[in-house]
Novice: 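Below is one structure. I have some questions about it.
Chain identifiers are assigned alphabetically (A, B, ...) following the order of the sequence lines, protein sequences preceding nucleic acid strands; residue numbering begins at 1 within each chain.
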Protein chains: 4
Amino acid sequence: MKQSLEEKIVRSAAKLFARKGFHTCTMRDIATMARVSTGAIYHYFPSKEDIYLAIVRREYGRRKEMIEAKRLENPTTEDLVRSAVILLFKMAEEYGRAEQLVLHLRVPETPRLRKEVQQLREQLLQYVADLIESGVRKGTIRSCDPTVAATALIGMGEAVTGRALAGPASEYLMQSGPEQLATMAWQALRPDRCGGSCAATTNAETSAAAAAAEEKDDAGRGGS
Amino acid sequence: MKQSLEEKIVRSAAKLFARKGFHTCTMRDIATMARVSTGAIYHYFPSKEDIYLAIVRREYGRRKEMIEAKRLENPTTEDLVRSAVILLFKMAEEYGRAEQLVLHLRVPETPRLRKEVQQLREQLLQYVADLIESGVRKGTIRSCDPTVAATALIGMGEAVTGRALAGPASEYLMQSGPEQLATMAWQALRPDRCGGSCAATTNAETSAAAAAAEEKDDAGRGGS
Amino acid sequence: MKQSLEEKIVRSAAKLFARKGFHTCTMRDIATMARVSTGAIYHYFPSKEDIYLAIVRREYGRRKEMIEAKRLENPTTEDLVRSAVILLFKMAEEYGRAEQLVLHLRVPETPRLRKEVQQLREQLLQYVADLIESGVRKGTIRSCDPTVAATALIGMGEAVTGRALAGPASEYLMQSGPEQLATMAWQALRPDRCGGSCAATTNAETSAAAAAAEEKDDAGRGGS
Amino acid sequence: MKQSLEEKIVRSAAKLFARKGFHTCTMRDIATMARVSTGAIYHYFPSKEDIYLAIVRREYGRRKEMIEAKRLENPTTEDLVRSAVILLFKMAEEYGRAEQLVLHLRVPETPRLRKEVQQLREQLLQYVADLIESGVRKGTIRSCDPTVAATALIGMGEAVTGRALAGPASEYLMQSGPEQLATMAWQALRPDRCGGSCAATTNAETSAAAAAAEEKDDAGRGGS
DNA sequence: CATGAATGAGACTTCATTCAT
DNA sequence: AATGAATGAAGTCTCATTCAT
């Protein structure tokens with residue numbers, strides 16, 4: 001498979017950034033791994049930072065698209081949450097394990113990088129928060145601050161994914177991780193169940209349960 | 001308040017590492033902020049990496065102690081989970097906002113640092129995993145893989161804390177973040193409730209609910 | 001005459017090491033004298049030590065080749081000894097006075113340098129010792145320990161050459177030094193002469209004198 | 001044996017300078033080995049260079065005194081030459097092997113040190129040269145340039161001594177080195193022997209031989 | 001387009017020396 | 001006199017970036 005020079009550079013850089021970090025990996029490292037000359041890199045990217053940004057932008061974009069695609073299928077909220085978590089996990093795996101980690105460099109070390117990455121995180125976060133908020137409104141997600149919930153969700157996902165990719169006992173985690181994660185995520189978000197029979201059930205919860213029950217039909221109807 | 005030179009160095013370094021990252025912050029930066037000479041630092045630490053490690057070790061230690069202290073009070077599992085999450089959050093806040101972030105540099109950029117930090121993370125994680133596992137055995141936490149759950153829990157906590165400290169809308173998050181976080185954490189972990197009246201309830205869940213009900217008394221009795 | 005960058009670096013470094021010593025001369029000194037940037041040096045040599053080693057290896061190599069070339073001409077032992085001493089002297093002079101001095105830094109100041117330089121000295125020394133030993137066997141050199149003799153010979157040569165190049169009264173020494181040195185060297189090594197008429201003459205000495213007398217013919221006739 | 005602080009410093013420094021060189025050995029090294037504080041050294045010596053100079057001056061002084069003492073015994077020239085060489089060798093050995101090596105740091109690396117050491121070498125050299133010259137005048141040493149001869153003599157002595165102390169096969173060299181060296185030195189300097197019976201003998205050589213024969217009496221009679 | 005030699009600013013670290021105690 | 005913490009100048013080496021070929 002022949003890749004464009006640019007693609008080779010990006011892939012190599014992504015692997016190296018993930019493995020060794022932005023500062024620890026040198027342009028020569030990238031050039032060597034991509035089998036190009038140092039100078040060639042500068043035909044495609046004006047600077048090392050820009051390579052980093054290209055990668056991060058692309059990765060965040062991919063993730064958003066993935067979730068968006070799922071959402072357009074009009075799944076139940078539970079399905080959406082579980083699917084999103086699992087998709088993100090699988091993506092990391094399929095894409096090559098390494099590049100994924102880029103997303104875990106939480107605090108890029110230069111002002112420009114930090115600023116931009118924070119923006120991207122914020123966008124993804126807002127997207128997820130919006131999904132959650134709409135779930136809350138529909139009663140299919142328990143009442144909570146959408147932003148906090150989204151942050152927690154992403155954090156939880158990154159942590160488990162990261163550990164699966166880089167930590168010990170990876171193999172086991174690669175297998176059972178996604179399901180476990182999806183369950184935790186849904187537990188954290190789902191409305192209290194136990195319909196009318198529970199004395200302590202609040203009104204909000206009651207209607208929530210009702211909404212959940214009807215959700216499937218809604219989805220069915222609205223999908224077209 | 002007079003601080004020892006070493007303490008001044010550590011605090012300055014922590015602040016700077018958190019703010020700018022390990023590589024972006026120079027020894028001169030640290031020296032300047034700590035108002036000491038460059039050379040002085042080397043009386044206390046053999047290298048920049050060692051400053052970093054000193055900070056990280058201390059911070060992880062603090063966190064473990066904090067949780068351990070709470071555990072010795074024999075709280076209910078819910079109380080323990082909520083308290084742990086909240087304590088970690090508050091610690092970050094009280095301690096000065098900056099140092100906390102050190103824990104968020106997930107992938108330190110040199111082999112030595114990465115290795116050691118991963119070990120420390122692993123220890124904290126195992127500690128939390130053990131707590132979860134014992135909860136699962138007692139039935140006060142729903143059945144799950146303790147390691148995955150611990151990873152998710154910590155990831156969620158770090159994400160929200162990090163955002164509260166560094167992200168937008170910090171003030172609001174500083175206020176309501178801990179509670180929200182604690183609730184999410186407990187939702188993710190607690191056993192399914194809704195006792196006998198729920199038809200779908202498994203045996204495990206039933207005994208779990210029972211255990212939860214009795215927990216408070218246990219704690220009260222067993223404390224001596 | 002255009003020189004390669006590498007050659008310019010080596011020559012400058014050699015001059016500076018000789019003039020100021022390994023530690024006193026900085027990379028910037030070398031770069032400045034060679035009219036290159038500091039960084040450029042590192043394209044050719046991985047470290048300052050490696051520049052030093054490159055120089056020393058080359059110089060030792062040159063000297064051995066020089067002597068070897070003379071030896072292949074099948075000279076008499078006296079001719080070989082005198083020629084070797086004089087050649088070494090002239091080489092130093094022709095080559096630019098400075099580089100020669102490198103050989104006089106007897107105790108390079110880092111373990112690695114010391115070790116390697118001692119090895120090189122040892123090789124040259126063994127080479128000379130072998131020549132002496134074969135002379136002793138042939139009776140054209142008086143009976144002595146070849147290693148001690150070689151050490152002394154080299155030491156004497158270096159001392160006089162060094163003084164000629166660096167000390168006071170250099171001009172005079174540059175002129176008459178080689179001859180004087182060659183004579184001393186030969187005096188120190190030659191077998192006792194004064195054949196049979198000396199009462200004290202030993203058998204060994206007698207045959208030695210005889211061997212010396214015949215040597216020329218041997219050389220003339222052939223390789224044996 | 002209690003030594004004065006100053007003496008401890010000098011001895012430690014000498015050992016370290018010899019072993020590792022001037023620049024490679026730090027004040028802290030010296031302080032540590034001498035079991036004093038860094039600051040204490042500065043009560044006795046204004047700088048590192050001055051420690052070095054103190055050592056070198058003392059060592060050169062010792063050597064000159066040693067030879068001078070022998071000279072005052074009115075030995076034959078041969079005896080004087082052999083004794084001097086052997087004494088210098090033994091001194092190095094007795095004194096502790098290490099400090100001796102100071103003399104082998106031929107090119108001290110700072111201008112001030114180099115200048116002073118060259119002066120000291122020059123003095124020793126002149127002293128030896130004077131001895132040789134007087135031998136030449138008396139006919140007990142063959143006709144040669146006294147300065148070159150002295151330089152060669154010292155160089156030869158240093159080389160063999162240095163190798164005995166630091167090189168391979170040290171034990172053997174420690175034993176037989178002095179004698180071998182003394183013999184080489186005398187061979188290099190002595191007048192051609194074999195009196196009138198040798199046809200090739202020059203006039204100078206003849207009178208030289210005669211002078212050698214009478215030397216003992218001369219010495220007995222007086223200083224002139 | 002591509003190369004890789006060359007640049008030079010700047011990083012970490014060392015260490016002779018000082019000085020308050 | 002003695003200590004050793006503190007200083008800060010200076011050294012080696014790295015590496016993103018440029019540019020002639």
Side-chain angles (χ1 to χ4, degrees), chain A residues 4-6 9 22-32 34-52 110, chain B residues 4-6 8-9 22-32 34-51 110, chain C residues 4-6 8-9 22-32 34-51 110, chain D residues 4-6 9 22-32 34-52 110:
Chain A
S4 78
L5 252 190
E6 181 170 353
I9 293 168
F22 181 76
H23 282 98
T24 312
C25 132
T26 71
M27 286 304 244
R28 235 172 109 184
D29 288 340
I30 298 173
T32 301
R35 296 185 191 268
V36 294
S37 66
T38 326
I41 299 181
Y42 286 87
H43 281 289
Y44 297 98
F45 300 94
S47 78
K48 193 184 173 190
E49 291 199 341
D50 288 284
I51 305 178
Y52 186 92
T110 77
Chain B
S4 78
L5 244 188
E6 181 170 353
K8 287 202 294 184
I9 292 167
F22 181 77
H23 282 98
T24 313
C25 134
T26 71
M27 288 305 251
R28 232 169 110 181
D29 288 339
I30 299 173
T32 303
R35 295 188 191 264
V36 292
S37 65
T38 328
I41 301 180
Y42 288 88
H43 278 286
Y44 297 98
F45 301 94
S47 76
K48 195 183 172 189
E49 291 200 342
D50 289 281
I51 306 178
T110 77
Chain C
S4 78
L5 245 190
E6 181 170 355
K8 285 204 294 184
I9 292 167
F22 181 76
H23 282 98
T24 312
C25 134
T26 72
M27 286 306 251
R28 233 169 110 182
D29 289 340
I30 298 173
T32 302
R35 297 190 189 261
V36 292
S37 64
T38 327
I41 300 181
Y42 288 88
H43 278 285
Y44 298 97
F45 301 95
S47 76
K48 195 183 171 190
E49 291 199 342
D50 288 282
I51 307 178
T110 76
Chain D
S4 78
L5 252 189
E6 181 169 352
I9 292 167
F22 181 76
H23 282 98
T24 312
C25 133
T26 71
M27 286 305 243
R28 233 172 110 184
D29 288 340
I30 298 173
T32 302
R35 296 183 191 269
V36 294
S37 65
T38 328
I41 299 181
Y42 285 86
H43 282 289
Y44 297 98
F45 299 94
S47 79
K48 194 183 173 190
E49 292 199 339
D50 289 283
I51 307 178
Y52 186 92
T110 77

Novice: By the 4.0 Å heavy-atom rule, please label A:Tyr44 as base, sugar-phosphate, or nothing.
Specialist: sugar-phosphate
Novice: In whole angstroms, how far is the P atom of F:dA16 from the CD1 atom of A:Ile30?
Specialist: 8 Å
Novice: Which part of the nucleic acid, if any, lies within contact of C:Ile41, taking any heavy atom under 4.0 Å across all strands shown: a base, the sugar-phosphate backbone alone, or nothing?
Specialist: nothing
Novice: So, for C:Met27 and C:Tyr42, which heavy atoms are closest and what is the spacing to 0.1 Å?
Specialist: CE-OH, 3.2 Å
Novice: So does B:Ala31 get a backbone contact from the side chain of B:Lys8, meaning a donor-acceptor N/O pair under 3.5 Å?
Specialist: no
Novice: Rounded to whole angstrom units, what separation is found between the CD atom of A:Glu49 and the C1' atom of F:dC15?
Specialist: 14 Å
Novice: Taking all heavy atoms of A:Thr24 and all of B:Thr110, pick out the closest pair and write down the distance.
Specialist: OG1-N, 4.5 Å
Novice: NE2 of B:His23 versus P of F:dA16: gap in Å, rounded?
Specialist: 11 Å
Novice: Specify the separation, in whole Å, of atom OH of B:Tyr42 and atom C1' of F:dG11.
Specialist: 13 Å
Novice: Counting Watson-Crick and G-U wobble pairs whose two distances are both under 3.5 Å, find the runs of 3 or more in a row that involve DNA chain F.
Specialist: E:2-21 with F:2-21
Novice: Tell me the closest heavy-atom pair linking D:Ile9 and D:Ile51, and the distance in Å.
Specialist: CG2-CD1, 4.4 Å
Novice: Shortest non-hydrogen contact from A:Tyr44 to A:Ala40?
Specialist: CD1-O, 3.3 Å
Novice: What is the separation between atom NZ on C:Lys48 and atom C1' on F:dT14, rounded to the nearest whole Å?
Specialist: 17 Å
Novice: Describe the nucleic acid contact of A:Thr26 in one word from base, sugar-phosphate, nothing, applying a heavy-atom distance below 4.0 Å.
Specialist: sugar-phosphate
Novice: Toward the 5' end of DNA chain E, which comes first, B:Thr38 or C:Ser37, by nearest nucleotide?
Specialist: C:Ser37
Novice: State the CG-OG distance between A:Leu5 and A:Ser37, to the nearest 0.5 angstrom.
Specialist: 8.5 Å
Novice: Heavy atoms, side chains only, cut-off 4.5 Å: are A:Thr26 and A:Asp29 in contact?
Specialist: yes
Novice: With nearest nucleotide decided by heavy atoms, which residue, B:Met27 or C:Ala40, maps closer to the 5′ end of DNA chain E?
Specialist: C:Ala40
Novice: Using whole Å, what does the distance between atom P of nucleotide F:dA2 and atom CZ of D:Arg35 come to?
Specialist: 17 Å
Novice: Determine the minimum heavy-atom distance between B:Phe45 and B:Asp50, stating which atoms define it.
Specialist: CD2-O, 4.0 Å
Novice: Considering only heavy atoms of chain A and a distance under 4.0 Å, specify the first and last nucleotide of DNA chain E in 5' to 3' order that meet this criterion.
Specialist: E:dA2 to E:dG4
Novice: If you pin C:Arg28 and B:His43 to their nearest nucleotides in DNA chain F, which one's is more 5'?
Specialist: B:His43
Novice: Which class fits the ring pair A:His23 and B:His23: parallel under 30°, tilted 30 to 60°, perpendicular over 60°?
Specialist: parallel
